[in-house]
Protein chains: 2
Amino acid sequence: MRRDIFQAIADPTRRAIIALIALQALTPNAIAEHFQTSRQAVSKHLRVLTECELVTQQQHGREIHYSLQLERLQEVDHWLSQYRKLWETRFTQLDQVLSTLKNQKK
Amino acid sequence: MRRDIFQAIADPTRRAIIALIALQALTPNAIAEHFQTSRQAVSKHLRVLTECELVTQQQHGREIHYSLQLERLQEVDHWLSQYRKLWETRFTQLDQVLSTLKNQKK
DNA sequence: TTTATGTGCAACCAATCGGTTTCGCAAATA
DNA sequence: TATTTGCGAAACCGATTGGTTGCACATAAA
């Protein structure tokens, strides 16, 4: 199933998982220890994250290590960038207003 | 109800609404014309967006104009920034690897 | 070999979601 | 005044979500 990354990061638990594995790969059991939910619930979240390619798996014997695919977050960054342009323009305009006011005081 | 902005932008229709009103405020009817859903469905989306303060209303007679609160998107930007740091570091490291290789060729 | 451990998957469940239709109400228009 | 228009709110509905429990199956350890 093709998943939407925005829907994937909508859940707070999934964002917490992302934060956990950002620096080092972890197993589902290791991740589940940080929450009050079952390992299976964490597995379901990992499946959603895997389906939108936000995380990848590395098998080590019977353990599976999940790690974050940082680059995928750039899709969100790209979506944001169109609006970032707008709010930066707005700040620039505010700066201009402020300096105009400053000059009038002189 | 206190809403989560990540949950608000998870829905593709809501992201489309955000894009629509980014440049100019619009009424629910005007927005609904861009989709194949009813005005009431759009109203529900606007309610979600209003609850997390992503949009604000301006009443003009019987018309209500909805406009985007750009600054609120900075909450997403702020969340992203921690990971942006990481992927930029990664790129920097890649650059270093590349220039090391380059120097070795000399 | 037997037992313990790490995992994914399926079935089930209550809650939520995104949509619809119907309604009521205030403002604009005839 | 009577009618039309723009809107929110409520009731309803099927699909999805996030959780659970129970299971099957490898791999590691005894």
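The figures here come from the full heavy-atom set of this structure, side chains too, leaving out hydrogens, waters and symmetry mates. Residue numbers begin at 1 in each chain, while the letters A, B, ... track the order of the sequences.
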Between B/Thr27 and B/Glu63, does any side-chain donor sit less than 3.5 Å from a side-chain acceptor?
no
Can you pull the contact range of chain B along DNA chain C, 5' to 3', using atoms under 4.0 angstrom from its heavy atoms?
C/dC17 to C/dA28
Heavy-atom side-chain contact between A/Tyr83 and B/Leu68 under 4.5 Å:
yes
Sugar-phosphate means primed atoms, P, OP1 and OP2; the rest is base. With that split, encode nucleotides 17-30 of chain D 5' to 3' as B, S or - using protein heavy atoms under 4.0 Å.
SBBBBB----BS--
Sequence neighbours excluded, the answer for ring-ring contact (aromatic ring centres under 6.0 Å, His included) partners of A/His78 is none
If you compare every side-chain N and O of B/Asn29 against the phosphate oxygens of D/dC7 (OP1, OP2), does one of them come in below 4.0 Å?
yes
Heavy atoms, side chains only, cut-off 4.5 Å: are B/Leu73 and A/Trp79 in contact?
yes
What one should report as the nearest heavy-atom pair of A/Val42 and A/Pro28 is CG1-O, 4.1 Å
Scan residues 10-38 of chain B for pairs that pass salt bridge (charged side-chain N to carboxylate O under 4.0 Å, His left out), counting only residues two or more places apart or in two chains.
A/Asp4-B/Arg15
A/Thr37: which residues meet the side-chain hydrogen bond (donor to acceptor under 3.5 Å, both in side chains) condition with it, sequence neighbours left out?
none
Can you tell me which residue pairs pass the ring pair (Phe, Tyr, Trp, His ring centres under 6.0 Å) test with a partner in residues 9-46 of chain A, sequence neighbours excluded?
none
